[in-house]
Amino acid sequence: LAKKAKEQVSARVNFFTKKVTSRRNNSATCPDFFSNQMKEKVFFLVRRFCFFWKVLAVFIICVLHCVLQKRVINHMALNKLSDKKLRSLLGRRSERQETIADGNGLSVRVSKYGCVSFVFFYRLAGRGTAPIWLTLGKYPDLSLKSAREMRDQCRTWLAEGRDPRIQIKIEREATLQPVTVREALEYWLDNYAMDKRRGAEHIRQCFGKHIYPVIGHVPLSDCSISMWIKCFDKIKKVAPVQAGALLRISKQALKFCRVRKYAISHEIDDLEVCDVGKKSARRSRVLTDDEIRDLWRSINTDYDNHELSYENRIILRFLVVFGCRLSEVLLSSWVEWDFDKKLWRVPADHSKNGREIIRPIPDGMFNWLVTLKKITGNKENVIGFDMRQCTASVTIGKTWKRMKHSEKWTAHDMRRVFATKLSDHGFEHNVVEQLLGHTLGGVAGVYNRSQYMDRKKEAMNWWYDYLNKQISGDSNDSNSYA
């Protein structure tokens with residue numbers, strides 16, 4: 001093609017030159033507008049221009065010819081094989097094994113029985129080291145295009161100082177045995193939450209109820225954000241606050257897996273609680289004196305009680321009297337109770353802040369506890385039965401309807417009632433905070449290690465007497481403890 005173009009350009013340049021020369025010879029017949037000297041200069045410039053054009057055209061054609069030829073040569077040297085060639089080799093028997101190069105370290109190895117395999121040849125540390133033949137896969141299971149892509153990837157790994165054998169093994173293990181969403185969340189639960197999070201088993205139950213049935217079997221790397229959102233939207237329909245809580249926990253779990261290089265996913269990093277649910281509202285419910293009287297009367301009614309079951313009466317008595325957390329009651333064992341000193345020592349393992357909580361036992365409640373121990377002393381828990389926290393929370397949360405109270409209250413609201421009444425009666429802030437099991441903030445939390453045992457004892461006795469006076473008809477507050 002280049003040769004033909006060169007001939008055409010040369011022919012046109014020659015034709016134009018002859019035409020100009022012919023006009024020069026016939027200039028005598030033309031009107032003499034210019035002098036002979038001027039005509040000679042014009043013809044000289046035309047000849048120079050034609051010569052320059054001819055040389056330039058030939059130069060451009062030669063350059064294009066060389067460039068195209070070099071590209072063809074390089075292409076043929078890099079990718080020598082074709083699918084047609086490989087198909088012709090497949091299944092063909094021969095007397096010996098044959099290796100055919102494709103370029104840049106990629107070759108095909110043809111066995112005596114016609115089995116075609118892609119191999120990559122390389123050295124880890126230059127010519128001074130032994131050569132390595134890495135098998136990439138068999139043809140046609142691995143296509144020629146994919147084999148060339150793997151070759152380029154191997155060359156990239158070598159440039160980064162990594163061994164392609166190890167990298168391919170890692171990628172194949174990750175592909176054949178991917179970490180599922182369930183495995184990632186369970187990894188966080190077993191290696192972090194069980195030791196450092198309160199209620200880890202409750203979190204596992206929530207995962208098993210809401211997340212595992214929907215996306216638990218999906219590989220974490222393949223679980224897209226749309227799949228996560230679909231899962232959380234399903235939870236949001238029945239429990240929007242829990243959907244937001246599970247999102248926060250899931251983000252923490254995946255970050256833990258990502259830091260440890262166990263599994264990597266960034267799909268839910270940008271999601272916020274408001275995107276999949278709602279935040280729990282800060283509650284301010286405090287029971288009135290009439291509602292406290294109704295509740296305490298029902299707790300002390302053993303027969304013909306249609307408002308509270310036996311289990312809920314036991315749990316609520318502890319919640320109302322001690323202002324403790326629901327989990328502290330459900331996990332309490334008789335080892336924590338010191339009847340000689342009349343103290344309830346909540347161990348750090350059962351405390352939310354990871355510190356021991358010491359609460360005095362009111363004098364009026366001591367005999368009831370002694371009687372309860374005779375009934376449940378051989379049981380694992382003080383209350384004498386096993387109940388999950390979510391079950392207890394739900395059943396107690398419905399009590400306000402059965403008592404026909406005007407506004408909903410929960411088991412956790414008993415702590416607010418406890419703290420409000422003690423504070424209103426003049427007991428110090430630090431005393432109330434320690435009874436609630438809170439950590440003192442600021443410098444006081446660092447240096448002040450006092451247990452305020454005398455004041456806590458006074459507060460507990462006043463509170464228990466206050467409750468009994470509500471149902472005995474004498475609701476006049478006594479200032480003997482203040």
Side-chain angles (χ1 to χ4, degrees), residues 283-301 308 313-326 328-329 332 336-346 351 355-373 382 396 403 405 409-440 444 448-482:
R283 295 182 58 81
S284 59
R285 177 78 161 97
V286 178
L287 275 68
T288 63
D289 289 343
D290 291 339
E291 291 172 335
I292 294 174
R293 182 179 61 252
D294 295 341
L295 178 60
W296 188 243
R297 181 185 292 114
S298 182
I299 290 173
N300 287 275
T301 303
L308 291 174
R313 291 203 307 271
I314 297 291
I315 295 173
L316 277 170
R317 183 181 292 271
F318 284 99
L319 295 179
V320 173
V321 172
F322 291 98
C324 56
R325 298 179 178 89
L326 181 59
E328 295 170 1
V329 177
S332 179
E336 304 173 10
W337 297 81
D338 186 350
F339 283 177
D340 294 333
K341 297 181 179 180
K342 293 186 177 181
L343 296 176
W344 177 20
R345 297 180 178 272
V346 180
S351 171
R355 295 183 180 180
E356 183 185 41
I357 304 173
I358 303 177
R359 296 186 177 102
I361 299 174
D363 295 335
M365 193 177 181
F366 183 76
N367 292 333
W368 182 84
L369 286 172
V370 173
T371 304
L372 181 65
K373 187 176 181 180
V382 170
I396 293 175
M403 291 188 172
H405 290 170
W409 52 262
T410 65
H412 197 74
D413 289 334
M414 297 300 104
R415 290 169 56 80
R416 191 176 299 104
V417 173
F418 177 82
T420 302
K421 290 299 181 180
L422 291 185
S423 298
D424 289 345
H425 195 70
F427 288 100
E428 294 82 357
H429 173 74
N430 290 355
V431 174
V432 178
E433 288 295 290
Q434 285 204 7
L435 288 172
L436 291 173
H438 291 166
T439 303
L440 298 180
N448 188 355
R449 296 299 180 181
S450 174
Q451 291 293 331
Y452 303 100
M453 197 57 65
D454 293 338
R455 290 295 287 168
K456 288 197 290 188
K457 181 72 173 179
E458 293 175 8
M460 293 302 299
N461 284 327
W462 174 85
W463 173 238
Y464 194 79
D465 290 345
Y466 170 83
L467 293 172
N468 287 330
K469 289 175 183 177
Q470 295 298 314
I471 60 176
S472 65
D474 182 10
S475 60
N476 296 325
D477 290 346
S478 174
N479 296 324
S480 59
Y481 299 102

Margin query: Do Leu326 and Met414 make a side-chain contact, defined as non-hydrogen atoms from C-beta onward lying under 4.5 Å apart?
Written below: no

Among all residues two or more places apart in sequence or in another chain, which pass the side chain to side chain contact (heavy atoms under 4.5 Å, CB included) test with [X]?
X	result
Ser423	Val432
Asp289	Ile292, Lys421, Tyr466, Gln470
Asp290	Thr288, Arg293

Working to the nearest 0.5 Å, report the span between [atom1] of [X] and [atom2] of [Y].
X	Y	atom1	atom2	value
Met365	Trp344	CE	CH2	8.5 Å
His429	Leu422	NE2	CG	12.5 Å
Gln434	Arg359	CD	CZ	11.0 Å

Which atom pair, heavy atoms only, marks the closest approach of [X] to [Y]?
X	Y	answer
Leu467	Val321	CD1-CG2, 4.3 Å
Arg325	Ile357	NH1-CD1, 4.1 Å
Val346	Ser351	CG1-N, 4.5 Å
Met453	Leu343	SD-CD2, 3.9 Å
Pro360	Phe322	O-CE2, 3.6 Å
Ile361	Trp337	CD1-CE3, 3.6 Å

Validation: residues 313-320 side-chain donor-acceptor distances under 3.5 Å, sequence neighbours left out:
unit_1	atom_1	unit_2	atom_2	d
Arg313	NE	Thr301	O	3.4
Arg313	NH1	Leu308	O	3.3
Arg317	NH1	Asn300	OD1	3.4
Arg317	NH2	Asn300	OD1	3.0

Side chain of [X], backbone of [Y]: donor and acceptor closer than 3.5 Å?
X	Y	value
Arg415	Leu436	yes
Arg345	Glu356	no
Ser332	Val329	no

Notebook entry, point to check: Which class fits the ring pair Phe366 and Phe339: parallel under 30°, tilted 30 to 60°, perpendicular over 60°?
Noted result: perpendicular

Notebook entry, point to check: For the residue pair Phe427 and Trp462, does the interplanar ring angle fall in the parallel (under 30°), tilted (30 to 60°) or perpendicular (over 60°) class?
Noted result: tilted

Next item on the list: Would you please name every residue forming a salt bridge (Lys or Arg N to Asp or Glu O under 4.0 Å) with Asp294, sequence neighbours left out?
Entry: Arg297

Check: salt bridge (Lys or Arg N to Asp or Glu O under 4.0 Å) with Glu336: which residues, sequence neighbours excluded?
Finding: none

Checklist line | Verdict with reasoning, Tyr464 to Asp363, per side-chain contact (heavy atoms from CB on, under 4.5 Å) | finding: CA-CA 8 Å; Tyr464 194 79; Asp363 295 335; over 6 Å; no

